[in-house]
Structures are given as C-alpha cells and as structure tokens.
There are 2 protein chains.
Amino acid sequence: MIEIDAIDRRILAILQKDGRITNADLAARVNLSASACHRRVQRLEQDGFIRAYTALLDRRKLARLSTVFVEITLSGQATELLEAFERGVRTIPDLLECHLMAGTADYLLKLAVADTDDFARIHREYLTRLPGVAQMHSSFALRTVAETTALSL
Amino acid sequence: MIEIDAIDRRILAILQKDGRITNADLAARVNLSASACHRRVQRLEQDGFIRAYTALLDRRKLARLSTVFVEITLSGQATELLEAFERGVRTIPDLLECHLMAGTADYLLKLAVADTDDFARIHREYLTRLPGVAQMHSSFALRTVAETTALSL
DNA sequence: AATACCACGCAAGATTCTTCGATCAATCAC
DNA sequence: GTGATTGATCGAAGAATCTTGCGTGGTATT
C-alpha cells in the first residue's frame with residue numbers, strides 16, 4: 001500500500017471540503033509552493049486516493065427532501081438470487097446506497113425521495129418488482145442531524 | 001422557488017459526476033458557449049442548487065473499509081435530551097450520517113470504520129458516552145452494492 | 001408594433017494551471 | 001568522512017482556462 005504523509009493528509013482533508021479550491025490557495029494552506037502541491041495532488045489522484053470530484057446538490061432545492069431507509073430480507077441466499085436482486089436494485093433511479101448487511105441476508109437501501117407520495121410511487125414501480133424479496137421494512141428520516149462525505153484524517 | 005430548465009438539469013447532472021470538468025468542456029456537452037454555460041453555473045451556485053464541491057476519497061486506500069449502521073433509542077424525548085445527544089453525536093470523528101427517524105425516538109448513525117477493532121474503539125470512546133441512550137444496535141455492512149451522491153435528474 | 005427583458009455568443013484581459021530545469025536535503029555505500 | 005543517489009522542493013514561463021464587458025437576437029408583454 002502506498003504511504004502518504006501528514007501534508008498529503010492535509011491536502012486530502014481540504015479537498016474533501018472544497019474540491020474546487022485553486023491549486024495556489026491549496027498550496028498556501030499546506031505551506032508548499034504551487035508546483036510541489038500540484039505534484040502531490042496529481043500523485044494522490046493517480047494512486048487512487050481521490051476517487052472523484054463531485055458537486056453536492058441541495059436536496060431541498062431539487063425536491064428530494066426526504067431520506068428513506070429500506071431494510072429488505074431475501075427469500076433465500078443463493079448467489080443467483082442475490083445477483084438478480086442487486087441488478088434490480090441498481091436500476092432504481094433515486095437510490096443513493098445499497099449495502100449487504102451482516103447477520104441475516106438483509107440489504108439496507110437508502111433513497112432520496114420528494115415526499116411520502118413519491119416514495120409510494122417508487123415503492124410501487126421499483127421496490128415491489130425486485131426479485132426474491134421476502135420482507136421489506138421502510139423507515140423515514142424526519143431530520144438529518146449530520147451528513148458528510150468527508151472521512152476523518 | 002427558483003426554477004431551472006432542462007439545460008440547468010443537464011449541467012447539474014454532469015457536475016454531480018465530475019465536479020472538476022472545465023467550463024469549456026461542460027459548455028460543449030450542453031451545447032452552449034463557454035460564457036453562457038459559465039453564467040448558468042454561477043447562477044446555480046448563487047441560488048444554492050450546488051451546495052459544495054468535494055473530492056470523494058477512496059475508503060480502501062485510507063483504511064476505512066467497513067460501514068457500520070447504529071440504531072439508537074433514547075431514554076426519553078425531551079428536547080434537551082435530543083439536543084444533548086445530537087451535540088454529542090456531532091463530535092464523533094468517523095461519523096458520516098445521523099438521522100432522526102420517524103416512529104420511535106430513534107436515531108440512525110452511519111460510520112466509516114477500519115475494522116471490528118476500530119469500531120470497538122469508537123464504540124468505547126464515543127458511542128457509550130453519548131447521553132440519554134437507552135438502547136443501541138449495531139449492524140455491519142458486508143459489502144456496498146451501490147453508493148452515490150448523485151441525485152437523479 | 002414597440003418595448004423590455006433575458007439569454008446568448010464573441011472576444012480580450014486576468015487568472016490559473018502545468019511542466020521544465022535547477023537546487024537542496026537526506027540517505028546510503030564505500 | 002565523502003561522494004553518489006534519490007526524492008522533493010522551488011521559481012519561472014508557456015499553455016490553458018476563467019471571467020467579464022459588450023453587442024445581438026429571440027421572446028414575451030403591453
């Protein structure tokens with residue numbers, strides 16, 4: 001595994017918060033020249049530490065105010081069943097996350113929906129059509145207390 | 001609420017995937033001149049549609065391979081209790097999300113941890129010290145099937 | 001039909017990126 | 001100790017990009 005030092009971690013921490021900071025400003029904040037800083041960022045990108053640069057949109061402005069978590073138990077654990085289920089899951093347009101959970105053969109899905117009606121539509125059009133589902137349990141988030149994509153460094 | 005048109009949605013969709021695309025390339029992909037495109041992006045930023053630009057890091061490279069969901073039931077529902085709990089939650093360094101869930105007074109936490117030992121440490125140092133906790137139930141994600149920050153547009 | 005209003009494209013000045021060679025410090029072999 | 005090697009740094013300059021002013025065209029409103 002490629003090692004990174006304290007300066008690299010500072011660079012990553014800053015880019016996690018502001019992915020569009022200019023190289024000159026980033027260099028100043030980590031006390032490096034622009035060229036040295038630029039080289040480090042390039043290396044971090046090439047080595048795969050930086051997976052992507054993204055714009056995070058405001059869900060309120062785009063009418064996706066509610067977050068719903070859906071726990072799903074499959075009717076079996078055969079590989080084909082899981083694969084078919086996962087293929088289906090990936091086609092859900094408003095899916096944010098899907099995790100295979102330990103313990104029982106449970107999946108946890110996270111969706112961004114506009115409101116309860118919107119969730120009802122997604123439930124009807126997508127969730128009920130997923131193959132191999134034995135049980136499904138949905139939970140609405142009332143309020144998001146904390147939400148970040150930044151890892152602690 | 002400020003309205004956006006189809007071109008704005010295309011711009012947002014592209015920026016969600018590549019937050020560092022050059023304005024010239026973005027303009028070409030939405031069939032606009034660079035200046036017109038730049039003006040739209042500026043407007044989308046000022047109007048708050050774009051909340052932030054971020055770099056998404058590779059959790060594998062940074063030894064945060066596991067995702068853990070923690071369901072927490074509080075011992076009561078008094079406002080002070082919730083506020084104290086939420087203040088405490090926000091200090092957990094590896095916390096990715098915290099949602100107040102509908103139904104019972106339950107919180108759902110999502111954490112990025114290195115492994116079970118790391119989670120044990122976080123559990124000991126942070127989770128057990130959260131005020132007002134009546135019950136706690138942790139679930140490990142075995143595998144992440146899908147994970148995106150991009151909303152469907 | 002006249003007017004106002006946007007959004008557009010073009011172009012140019014300002015900013016920023018990106019790469020080059022030279023320099024410096026640390027490490028290692030001898 | 002001394003010289004060589006490695007790796008990272010810096011400054012500078014050319015290339016790329018951003019950003020803004022201005023004139024134009026299309027559309028809606030009166």
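Per chain, numbering begins at 1; letters A, B, ... match sequence-line order.
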In whole angstroms, how far is the [atom2] atom of [N] from the [atom1] atom of [X]?
X: A:Ile21; N: C:dT16; atom1: CD1; atom2: P; result: 11 Å
X: B:Asn31; N: C:dC8; atom1: CG; atom2: P; result: 12 Å
X: B:Tyr53; N: D:dC18; atom1: OH; atom2: C1'; result: 13 Å
X: A:Glu3; N: D:dG7; atom1: CD; atom2: P; result: 15 Å
X: A:Leu44; N: D:dA8; atom1: CG; atom2: P; result: 12 Å
X: A:Arg43; N: C:dT19; atom1: CZ; atom2: P; result: 16 Å
X: B:Asn23; N: C:dT16; atom1: CG; atom2: C1'; result: 14 Å

task = From the options D:dT20, C:dG9, C:dT19, select the nucleotide whose nearest atom is closest to the side chain of B:Ser33.
result =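 Of all the options, the side chain of B:Ser33 is nearest to C:dG9.
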message = Using the side-chain heavy atoms of B:Thr22, tell me which of these nucleotides is nearest: D:dA8, D:dT17, C:dC8.
response =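 Nearest to the side-chain atoms of B:Thr22, counting from C-beta on, is D:dT17.
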ask   = When you match B:Asp5 and B:Arg20 each to their closest nucleotide on DNA chain C, which lands nearer the 5' end?
value =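 First, find each residue's nearest nucleotide; the 5'-ward one identifies B:Asp5.
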query = Within the side chain of A:Asn23, is there an N or O that forms a donor-acceptor pair under 3.5 Å with the backbone of A:Ala34?
reply =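 Such a contact is found between A:Asn23 side chain and A:Ala34 backbone.
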task = Could you check A:Leu74, A:Val70, A:Ile72 and say which one makes a side-chain contact (heavy atoms from CB on, under 4.5 Å) with A:Leu130?
result =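 For A:Leu130, the side-chain contact (heavy atoms from CB on, under 4.5 Å) test succeeds with only one of A:Leu74, A:Val70, A:Ile72, which is A:Ile72.
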ask   = Under 4.0 Å between a side-chain N/O of A:Gln42 and OP1 or OP2 of C:dT19, yes or no?
value =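 Checking C:dT19 against A:Gln42, a side-chain N or O does come within under 4.0 Å of OP1 or OP2.
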ask   = Looking at A:His38, does any N or O in its side chain come under 4.0 Å of the phosphate oxygens OP1/OP2 on C:dT18?
value =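 Yes, within the criterion.
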request  = Using a 4.0 Å heavy-atom cut-off across all strands, classify A:Ser35 as base, sugar-phosphate, or nothing.
outcome  =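 Base contact.
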ask   = Reckon A:Arg39 touches a base, only the sugar-phosphate, or nothing at all at heavy-atom distances under 4.0 Å?
value =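 The residue A:Arg39 makes base contact.
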Can you list, pair by pair, the side-chain donor-acceptor contacts under 3.5 Å of residues 131-146 of chain A, counting residues two or more places apart and other chains?
| residue | atom | partner | partner atom | Å |
| --- | --- | --- | --- | --- |
| A:Arg143 | NH1 | B:Glu86 | OE1 | 3.3 |
| A:Arg143 | NH2 | B:Glu86 | OE2 | 2.7 |
| A:Thr144 | OG1 | B:His99 | ND1 | 3.0 |

inquiry  = Show, in sequence, the C-alpha distance, side-chain angles and deciding distance for A:Arg40 and A:Asp5, and conclude whether the salt bridge (charged side-chain N to carboxylate O under 4.0 Å, His left out) test is met.
reply    = CA-CA 11 Å; A:Arg40 277 173 182 265; A:Asp5 64 12; 3.0 Å; yes
message = Other residues, nucleotides and ligands only: do more than 12 of their heavy atoms fall within 6.0 Å of CZ on B:Arg121?
response =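 Count over threshold, so yes.
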